[in-house]
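Working notes for the structure below.
Residues take their numbers from the sequence shown, with the count starting at 1.
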Amino acid sequence: MGANGEAVITAIVSGPPGPAVRPGRWGGVVRVLLGAAGGVLLTAAFMAVMWWPRHEVVHRAEAPASVEYDDGSRHYLGLVHEHTLSGRHGYRLVIGRDPGLSYGHWVDVSAFQAVRGVDTTEWTAAGVRVRFRTGHEVFVPAEYFLFGR
């Protein structure tokens, strides 16, 4: 008993200390490599979602039946607004034979011109002229959108 009447417990440890437990030599390297691979995969998935474009057709025009082109096809024009989840925006004119505007000849247009919209679209045998409400004009020669280009 101690001086104040408390019980004193004494432990006696005998013998040499046990073996030290060390991690395997390659265990740490494997964990680091798996972590790095996981980080790369997560980053790739994140970037794919953030930069995946979304398209919206904000203006559509169709060549009149009176204008005939050498390829004998009907042609379509669309002003396409492209934007991503990250907030990037851009505009393109797409001109071609596909009424869904999924392929054809693409022309980048500045947001300044496109945001106010298209005023008129004039189809001729020589090509198509697009006038924007800003006063700017874009002319695309027919040779660039004929025959499925």
Side-chain angles (χ1 to χ4, degrees), residues 9 11-149:
I9 300 174
I12 300 173
V13 179
S14 63
V21 178
R22 287 200 240 161
R25 170 179 251 178
W26 297 105
V29 173
V30 169
R31 279 188 236 132
V32 168
L33 290 176
L34 286 175
V40 168
L41 288 174
L42 284 174
T43 301
F46 175 76
M47 294 304 289
V49 169
M50 292 303 291
W51 297 102
W52 197 270
R54 190 166 46 105
H55 308 285
E56 175 187 6
V57 178
V58 294
H59 176 81
R60 182 182 300 273
E62 184 176 334
S66 61
V67 178
E68 293 186 27
Y69 293 106
D70 293 340
D71 63 358
S73 296
R74 190 71 175 238
H75 291 85
Y76 305 89
L77 176 141
L79 179 61
V80 179
H81 180 198
E82 296 179 325
H83 41 97
T84 65
L85 294 174
S86 67
R88 291 189 316 158
H89 293 270
Y91 290 87
R92 287 185 171 179
L93 286 173
V94 60
I95 308 153
R97 300 185 302 182
D98 178 29
L101 303 170
S102 63
Y103 69 91
H105 181 72
W106 291 80
V107 177
D108 288 325
V109 178
S110 80
F112 174 76
Q113 295 168 358
V115 77
R116 292 191 50 204
V118 173
D119 190 28
T120 62
T121 305
E122 179 185 349
W123 297 84
T124 65
V128 61
R129 181 176 310 278
V130 179
R131 289 183 183 91
F132 293 92
R133 291 189 180 120
T134 59
H136 294 87
E137 294 184 4
V138 175
F139 179 76
V140 181
E143 66 187 69
Y144 292 109
F145 60 82
L146 295 182
F147 300 101
R149 290 184 231 168

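Contacts of His83 classified as side chain to side chain contact (heavy atoms under 4.5 Å, CB included), with partners at least two apart in sequence or in another chain: Arg54, Glu56, His81, His89. Take Ala111 and apply the side chain to side chain contact (heavy atoms under 4.5 Å, CB included) test, not counting sequence neighbours, and it matches Tyr91. Remark: Asp71 pairs with Tyr69, Ser73, His75, Arg97, Leu146, Phe147 by the side chain to side chain contact (heavy atoms under 4.5 Å, CB included) rule, at least two apart or across chains. When the side chain to side chain contact (heavy atoms under 4.5 Å, CB included) test is applied to Val32, no partner is found at least two apart in sequence or on another chain.
Applying the salt bridge (Lys or Arg N to Asp or Glu O under 4.0 Å) test to residues at least two apart or on different chains, the pairs with a partner in residues 74-86 are Glu62-Arg74, Glu82-Arg92.
The shortest side-chain heavy-atom distance between His55 and Leu101 does not fall under the 4.5 Å cut-off. Looking at heavy atoms from C-beta onward, Phe132 lies in side-chain contact with Val109 at the 4.5 angstrom threshold.
Around the CD atom of Glu137, the shell of radius 6.0 Å holds more than 12 heavy atoms that belong to other residues, nucleotides or ligands.
Nearest heavy-atom pair, Trp106 versus Gly104, reported as atom, atom and distance to 0.1 Å: CD1-O, 3.2 Å. Heavy-atom minimum distance, Ala142 versus Ala125: CB-O, 3.7 Å.
Between Ile95 atom CD1 and Tyr144 atom OH the span is 12.0 Å, to the nearest 0.5 Å.
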Please list every donor-acceptor pair under 3.5 Å in which a side-chain atom of residues 112-123 meets a protein atom from a residue at least two apart or in another chain.
| from | atom 1 | to | atom 2 | distance (Å) |
| --- | --- | --- | --- | --- |
| Thr121 | OG1 | His59 | NE2 | 3.4 |
| Glu122 | OE1 | Arg131 | NH1 | 3.2 |
| Glu122 | OE1 | Arg131 | NH2 | 3.4 |

